[in-house]
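Quick note: residue numbers are just sequence positions, from 1. Computed from a predicted model, the values in this text were never measured in an experiment. Just so you know, these numbers use all the heavy atoms, side chains as well, and skip hydrogens, waters and symmetry mates.
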Amino acid sequence: MKKANLPSKTCACCGRPFSWRKKWARCWDEVRYCSTRCQGQRSPLKHNEQ
């Protein structure tokens, strides 16, 4: 599969687009965040209010 043909999503935390990775092959439908950093922050609005 060529890189240009890979599916992509938008990160739920930072809003940046990210592409499919081989490690996500079995759980691509469940992936919401582009990185562990974004996954740890979850919601930037709630994090900054405290």
Side-chain angles (χ1 to χ4, degrees):
M1 187 179 284
K2 294 185 179 184
K3 288 185 180 181
N5 297 335
L6 294 176
S8 63
K9 291 185 178 184
T10 303
C11 179
C13 181
C14 66
R16 294 179 182 162
F18 63 97
S19 298
W20 181 90
R21 296 181 188 169
K22 189 174 182 177
K23 68 178 183 178
W24 293 331
R26 295 183 181 175
C27 61
W28 177 244
D29 294 333
E30 300 164 9
V31 175
R32 295 180 52 206
Y33 304 103
C34 64
S35 65
T36 53
R37 180 179 180 188
C38 282
Q39 186 176 7
Q41 289 182 353
R42 302 283 168 128
S43 178
L45 296 176
K46 291 180 183 177
H47 184 69
N48 290 336
E49 289 176 358
Q50 295 176 353

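The side-chain tip of K9 does not point at the ring of W20 from less than 6.0 angstrom away and within 45° of straight on.
Atom OH of Y33 sits about 10.5 Å away from atom CD of Q41, to the nearest 0.5 Å. Taking OG of S35 as the start and CZ of R16 as the end, the distance is 8.5 Å to the nearest 0.5 Å.
C11 and C34 get closest at one heavy-atom pair: SG-N, 3.5 Å. Shown here for F18 and T10, the closest heavy-atom pair between the two residues is CE2-C, 3.7 Å.
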